Amino acid sequence: MAEPSPAPPNFIRDIIAEDVKSSQHGGRVQTRFPPEPNGYLHIGHAKAICLDFGLADEFGGHTNLRFDDTNPEKEDVEYVESIKADVQWLGFQWDGLFYASDYFDQLYEWAIKLIKEGKAYVDDLSAEEIRQHRGTLTQPGKESPYRNRSVEENLNLFERMRTGEFPDGSRVLRAKIDMASPNLNMRDPVMYRILHAEHHRTGNKWCIYPMYDFAHGQSDSLEKITHSMCTLEFADHQPLYNWFIEQLGIFPSRQIEFDRLSLTYTMMSKRKLRLLVEEGRVKGWDDPRMPTLSGMRRRGYTPEAIRNFVTAAGVSRTNGIVELAMLEHFVREDLNKRALRVMAVLKPLKVIIDNYPENKVEEMDAVNNPEDASAGTRKVPFSRVLYIEQDDFREDPPKGYFRLSPGREVRLRYGYFITAKSVVKNDRGEVVEVHCTYDPATRGGNAPDGRKVKSTIHWVSVAHAVDAEVRIYETLFSKENPDEVGPGQDFTANLNPNSLEVIANAKIEPSLAKAAVGSRYQFERLGYFCVDPDSKPGKAVFSRTVALKDTWAKVEKKQGGSS
RNA sequence: UGGGCCGUCGACUAAUGGUAGGUCAAGUGCCUUUGGAGCACUUUGUCUAGGUUCGAAUCCUAGCGGCCCAGCCA
């Protein structure tokens, strides 16, 4: 397993360190991770989770998991359960588990307090009228005609909003701040709206629900959150966040914004990810091509790899896009240390060793993990007829090709040196069999005479091979930025038509027949693979997590491009 | 001629007025029973123009460029 990378310095840690040093809140550090349960967590959330939990942990603090469930129309228990599972899978355990809906009573009392102080009012304007009164980015807004109602009338109306007398959209409660503010969030923001909707936790107790802005800061405050991290787009909300806390005179949580994590060849928009799921462009939220934590888990990514990646990517306020290659590096780095090596042939080509006895079977010793001696060894059956990878034989080898070709000797990993002698072709002229001879003195792959061979290739005995389905994934989108589209197109135009390749009859070594769902292996020379839940007894299904770095592919590509 | 945030190698990120460093990517070499892994080395950067200062990536001003904001979403 990869060592946890030391976290590089960042501005949020600096802020917290300073606060601790100057004994703000007695040096106490309390954070929270506040997802809305309206979708599955993705790698962008992993960054927030690592920050919220990681920084609190560094300073001996605590972290709450709080569901920001103020919009019953979009939320569901399915999502809260998946979020809990994903946070734990990532390796974190919350101290307190809360819901914004836990605070609905308190929030309601605070709204009344603001009404009594003349700082909030019930507005009868329609949504459309409110929008028109708000003004524009460059022009100030206009005050609502209902802005100066009496406290008594506001109290009366707000109470009747709560008891369900009015239909959805007919009235809202607004904070009385400043319709001319250059910050649109301060132009009398809506605090409560009427929503006759059943909430996944409070049922039908409420028909008015607080807006994010009237819930988040106070929730932080109630939990005595000292450092409230959120993404950059909320920076404009900070004055409002502070305004409510100040007006209410409650615990002064501090909001700190950081940049979202963006990755090339994918996207983090929950709305768009949901669309992919609903339109069947992927198989579900946990499709291995999705940037969701459940998708990555199914694909074989490890929590350690994701955490190391997120840490290495760092945190700032710059709106960057991290290359997918960086994520893949951390996945390989971790899997290299923990994955057991096995041999599997994806595109089989028969090799017949003409001078090897017809019915002989030898059990060859193979190392399970060269990075970890404690992983031990296993026996792999060897016989006269084998499968090798089609790519590992060329009748007419290009320059720089080291693998099997007529007259050339290569090593079969943990087997023997073999030399290709002749080929058998089908009607279409394709090579379907390669006839070879082997050198009995090279058993196990060692040449007693010190003879060197330029290549070692993997193989599976035909008589012992087990069939398996292997799914090869490419990026879900073919553009680094999927949102870069032509006129009249949307991001689905950039979906990669080749993002999934199914190999129905790969040949795997017999030790793999009993592989457990979720277990991860390195198929030697090919990549890392994970046993998919779609596996059935007798037919394992593997997902390729990530390919190994392929130097030959790079050389070949370069030669092809230059000639 | 609204407000806010932000510009450092190809990507991400450090340097807190004093040596522009790290990771990924790319390249070169070594090694190798995975063309894997590993090891060593190398290339490329402070948006521009002024200013302050003994000294500026850092502070100031202007310009240029990017992102966010006009939900009764979060």
Side-chain angles (χ1 to χ4, degrees), chain A residues 5 8-11 14 34-36 38 68-71 73-75 123 125-127 130-132 134-141 168-174 181-187 190-195 208-209 211-213 215-216 230-239 257 259-261 264 270-271 309 312-330 332-333 336-337 341 343 366-367 370-371 400-403 411-415 444-447 453-458 480 522-527 548-555:
Chain A
S5 348
N10 68 60
F11 74 99
D14 292 346
E36 184 189 12
N38 68 342
D68 230 327
D69 57 349
T70 54
N71 185 358
E73 292 182 322
K74 291 186 175 175
E75 298 154 6
D123 196 342
L125 255 25
S126 69
I130 286 180
R131 190 178 67 73
Q132 284 166 357
R134 188 153 31 227
T136 69
L137 294 177
T138 53
Q139 293 168 321
D168 288 5
S170 57
R171 274 175 244 261
V172 291
L173 183 71
R174 292 230 254 172
S181 172
N183 182 345
L184 304 227
N185 293 118
M186 300 300 272
R187 317 239 268 227
V190 172
M191 295 161 59
Y192 270 92
R193 76 283 212 187
I194 300 172
L195 238 38
I208 57 171
Y209 290 92
M211 298 287 290
Y212 166 86
D213 284 308
H216 201 95
C230 64
T231 44
L232 243 23
E233 68 270 25
F234 291 102
D236 287 340
H237 294 246
Q238 198 184 315
E257 309 90 10
D259 60 346
R260 282 176 176 275
L261 172 66
T264 54
K270 262 195 223 176
R271 201 198 99 238
F309 162 70
V315 54
S316 68
R317 296 172 66 97
T318 52
N319 281 129
I321 303 171
V322 181
E323 290 174 350
L324 215 219
M326 189 161 169
L327 206 209
E328 294 186 332
H329 161 81
F330 284 97
R332 288 193 192 96
E333 180 188 65
N336 175 47
K337 297 192 174 89
R341 271 60 169 176
M343 291 198 284
V367 174
E371 302 289 322
Y401 186 84
F402 300 153
R403 284 112 94 151
R411 173 168 37 232
L412 293 173
R413 174 143 244 226
Y414 304 124
N446 301 297
V453 100
K454 285 206 110 173
S455 176
T456 299
I457 64 177
H458 58 96
E480 282 200 11
Q522 184 194 100
F523 290 0
E524 296 225 26
R525 301 208 303 135
L526 297 176
L548 249 27
K549 285 205 245 176
D550 187 344
T551 308
W552 167 244
K554 208 180 283 180
V555 170

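Order of the sequence lines sets the chain letters (A, B, ...), proteins ahead of strands, with each chain counted from 1. Fair warning: this is a prediction, and the values are worked out from it, not measured in the lab.
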Could you tell me whether a side-chain N or O of A:Ser181 sits under 3.5 Å from a main-chain N or O of A:Asn183, the two making a donor and an acceptor?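 Judged by distance alone, yes, a pair lies under 3.5 Å.
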Are any side-chain N or O atoms of A:Gln139 and backbone N or O atoms of A:Gly135, one a donor and one an acceptor, separated by less than 3.5 Å?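 No, A:Gln139 side chain to A:Gly135 backbone: no donor-acceptor pair under 3.5 Å.
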Does [X] have a side-chain nitrogen or oxygen under 4.0 Å from the phosphate oxygens OP1 or OP2 of [N]?
X        : N      : answer
A:Thr456 : B:rU34 : no
A:Arg317 : B:rC12 : no
A:Arg131 : B:rC69 : no
A:Arg525 : B:rG35 : yes

Roughly how many Å apart are [M] and [N], using the [atom1] atom of each and rounding to a whole number?
N      : M      : atom1 : result
B:rG22 : B:rG45 : C1'   : 14 Å
B:rG17 : B:rU53 : C1'   : 9 Å
B:rC9  : B:rG4  : C1'   : 29 Å

When you get a sec, tell me which of [options] is the closest nucleotide to the side chain of [X]?
X        : options                : answer
A:Glu371 : B:rG2, B:rC73, B:rG36  : B:rG36
A:Arg134 : B:rC73, B:rG35, B:rA70 : B:rA70
A:Asp68  : B:rG2, B:rA74, B:rG35  : B:rA74
A:Thr551 : B:rG36, B:rU13, B:rC72 : B:rG36
A:Tyr401 : B:rG35, B:rG4, B:rC73  : B:rG35
A:Glu233 : B:rG7, B:rU34, B:rA74  : B:rA74

Taking side chain as C-beta onward, heavy atoms only, is A:Asn71 less than 4.5 Å from A:Asn38? no
According to side chain to side chain contact (heavy atoms under 4.5 Å, CB included), who are the partners of A:Met211, at least two apart in sequence or on a separate chain?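 Side chain to side chain contact (heavy atoms under 4.5 Å, CB included) check on A:Met211 returns A:Val190, A:Arg193.
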Ignoring hydrogens, what is the shortest heavy-atom contact between A:Arg411 and A:Val453? Give both atom names and the distance. N-CG1, 3.7 Å
Between the protein and nucleotides 26-28 of chain B, are there any N/O to N/O pairs under 3.5 Å, and if so, what are the atom names and distances?
residue : atom : partner  : partner atom : Å
B:rA26  : OP1  : A:Lys554 : NZ           : 3.4

Can you tell me which stems involve RNA chain B, if a stem is defined as three or more consecutive Watson-Crick or G-U wobble pairs, both distances under 3.5 Å?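 Consecutive-pair runs (3 or more) involving RNA chain B: B:2-7 with B:64-69, B:10-13 with B:21-24, B:26-30 with B:38-42, B:47-51 with B:59-63.
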Let's test your reading of the model: under 3.5 Å, does the base of B:rG35 pair with the side chain of A:Arg403 as donor and acceptor? yes
